[in-house]
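Right, one structure below, let's go through it.
Lettering follows sequence order; numbering is per chain, from 1. The structure displayed is predicted, hence computed values, not measured ones. Values reported hereafter were calculated over all heavy atoms of this structure, with side chains retained and with hydrogens, waters and symmetry mates removed.
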Amino acid sequence: MLDINFIRDNTETVLKGMKDKGESDLSLVDRVLEVDETWRSLVTKVDNLRAESNRKAKTIGELMSQGKKDEAQKIIKATSESKNEIKKLEEELDEFSRKRDDLLLRIPNVPHDSVPVGSTEEENTVFAEWGDIEEEGWRKPHWELADEHHWIDFERGVKVTGAGFPFYVGPLAKLQRALINFFIDEADQQGYRELQAPYFVNEESARGTGQIPDKEDMMYVIPRDGFYTIPTAEVPVTNFHRDEIFREDDLPVRYVAYTPCWRREAGSYGKDVRGLNRLHQFDKVELVKIVHPSSSYDELESLREYAESLLKKLELPYRTLLMCTGDMGFTQSKKYDLEVWSPGQKRWLEVSSCSNFTDFQARRMQLRYKNEKGKIEILHTLNGSGLALPRVVAALLETYQQEDGKVAVPIVLQSYMGSKWL
RNA sequence: GGAGAGGUGGCUGAGUGGUCGAAAGCGCUCCCCUGCUAAGGGAGUAUACCCCGAAACGGGUAUCGAGGGUUCGAAUCCCUCCCUCUCCGCCA
């Protein structure tokens, strides 16, 4: 959510940002400004009326304690009339503040100046590339390999739960456990504090990070208890500090959390979703930062570099994309995607997405800090995957396979696996 | 799940219908004093929003778990919900 005052003072910037992000309804801005103006004039009116009735109530109190009941009675009569007027105006006030917030929630975050303007994924720019990519060759896709070794059981997953809920079997189950530990240990060394988070969240939390009302359909719902299963650890972890005020000295705050993630992925079928490419349940190690507004773009770069370092250590070729305005998403101001090369499928797979939300999430969540002058300001939030497991596993199986069908273990994982071969 | 008690400012805790945004203590910040240390004295110390103003300051409104109600007036009374604690039940 943007600050209404920011929109008032920087209307052109907001409009340009919306245009660049491909938002079709630019009239939102005019409407929100109009509604806000009405709201503010109503506030003034209501506040004045309430002030008057407070004054009268006080007078009545004084008269009563002096025993002047008749005089008090006179004022009571007069006051009860203005009560109705206040009530009516209060209802109107509520209506307008709701309207204003509705509109406000539909205005996207403003892209940073360094973000390329574009409308489709073709206009993302390649920010970095690492490793040699094999565009031809004998390598099998991971689902064939996994099938041969009976490492992933999709069929039984369908039987037990449904499509997109596979079992990982034997060495592959262990490999996932190894990756999770490796990712968390690496983050821990970089100063991220480990958090084990709830897998269900309530409605306020889903609203805080913006899954509601925007992306409600991505989550599974537990209606009886009013919970949502988390689509990413970002939701519980960022909400960890919701409604809190930090001391400036305590910043920045960095967390790492491993959780399963659940996504309904409604309507996605076909070859893009084969094997481990897209699942309803998957594991992810997520990084979250809560930082001083002045440092969020630096923190984004270090977040990106950190995520890249994981792929380097696993020796998996990757590229980093700087997402263009149109491909970036509603809440972000700048975003990098890391894509790992899948030599069996001859395509890139997204394994991490590192984003700066500036104050957009933090405002909705009332994540704030007190600066040196004692003034309260909104913080900035960032997050990034470090990393999402299934596609890393896919790329790893395909990259480390040998011609005889065996699969080697990356050097950094060998101590976790206790072996050199899967 | 059943029975009972309770939710007040950074913390402890007073306040059961009238000048309470809230006593007191602790903590924290600033100042003074004391030639170190300890102690002492003074001032300040919630959040959001509106109005005025360049700003400082000022004026106002709302908030005592959340929402609704009664009343001229609610932290205080009533209703609903949430949460915490104690006992019982159940249980990894």
Rounded interatomic separation in angstrom, taking [atom1] from [X] and [atom2] from [N]:
X	N	atom1	atom2	answer
A/Ile75	B/rG18	CD1	P	18 Å
A/Asp249	B/rC28	CG	C1'	13 Å
A/Glu52	B/rG59	CD	P	19 Å
A/Arg55	B/rG60	CZ	P	8 Å
A/Leu49	B/rU61	CG	P	12 Å
A/Gln73	B/rC72	CD	P	9 Å
A/Glu90	B/rG69	CD	C1'	14 Å
A/Lys69	B/rC72	NZ	P	15 Å

Establish, with yes or no, whether the OP1 or OP2 oxygen of [N] is under 4.0 angstrom from a side-chain nitrogen or oxygen of [X].
X	N	value
A/Asn54	B/rU61	yes
A/Arg50	B/rC50	no
A/Arg40	B/rC49	no

Legend entry - Upstream residue (5' side of RNA chain B) when A/Gly61 and A/Arg100 are each assigned their closest nucleotide: A/Gly61
Inset, instruction - Between A/Arg368 and A/Ser41, name the one whose nearest nucleotide on RNA chain B is closer to the 5' end. - result: A/Arg368
Inset, instruction - Evaluate the criterion side chain to side chain contact (heavy atoms under 4.5 Å, CB included) for residue pair A/Arg263 and A/Thr232; output intermediate values, then yes/no. - result: CA-CA 9 Å; A/Arg263 295 186 185 178; A/Thr232 160; 3.8 Å; yes
Could you measure between the two [atom1] atoms, the one in [N] and the one in [M], and give it in whole Å?
N	M	atom1	value
B/rA3	B/rG10	P	35 Å
B/rG35	B/rG53	C1'	48 Å
B/rG6	B/rU61	C1'	31 Å
B/rA22	B/rC64	P	14 Å
B/rA56	B/rG40	P	36 Å
B/rC72	B/rG1	P	40 Å
B/rG9	B/rG65	P	8 Å
B/rC87	B/rA14	P	22 Å

Choose from [options] the nucleotide whose nearest atom is closest to any side-chain atom of [X].
X	options	value
A/Ala57	B/rG60, B/rC50, B/rG18	B/rG18
A/Lys87	B/rG60, B/rU19, B/rG69	B/rG69
A/Ile376	B/rG18, B/rG69, B/rU47	B/rU47
A/Ile245	B/rC72, B/rG60, B/rU47	B/rU47
A/Ala51	B/rU19, B/rU47, B/rG60	B/rG60
A/Thr44	B/rC72, B/rU47, B/rC50	B/rC50

Could you identify the nucleotide paired to [N], looking across every strand shown and requiring Watson-Crick or G-U wobble geometry with both distances under 3.5 Å?
N	value
B/rU84	B/rA5
B/rU70	none
B/rA14	none
B/rC49	B/rG60
B/rG40	B/rC32
B/rU76	none

Inset, instruction - Answer yes or no: does atom CD1 of A/Ile411 have more than 12 heavy-atom neighbours from other residues, nucleotides or ligands under 6.0 Å? - result: no
Inset, instruction - Determine the contact category for A/Arg247: base if any of its heavy atoms lies under 4.0 Å from a base atom, sugar-phosphate if only primed atoms, P, OP1 or OP2 are that close, otherwise nothing. - result: nothing
Inset, instruction - Check every strand shown and say whether A/Lys370 touches a base, only sugar-phosphate, or nothing at a heavy-atom separation below 4.0 Å. - result: sugar-phosphate
Inset, instruction - Flag the pair A/Tyr255 / A/Phe240 as yes when their ring centroid distance falls below 6.0 Å, and as no otherwise. - result: yes
Inset, instruction - Flag this pair as yes if the NZ/CZ of A/Arg156 is under 6.0 angstrom from the six-membered ring centre of A/Phe167 and inside a 45 degree cone about the axis; otherwise no. - result: no
Inset, instruction - Mind listing the closest non-hydrogen atom pair of A/Phe96 and A/Leu42 along with its distance? - result: CD1-CD1, 3.8 Å
Inset, instruction - List the atom of A/His280, the atom of A/Glu265, and the distance in Å for their closest heavy-atom pair. - result: CE1-CB, 3.9 Å
Legend entry - Whether A/Phe182 and A/Tyr416 hold their rings parallel, tilted or perpendicular, with breakpoints at 30° and 60°: perpendicular
Inset, instruction - Give me the one residue out of A/His112, A/His292, A/His380 that meets ring-ring contact (aromatic ring centres under 6.0 Å, His included) with A/Tyr297. - result: A/His112
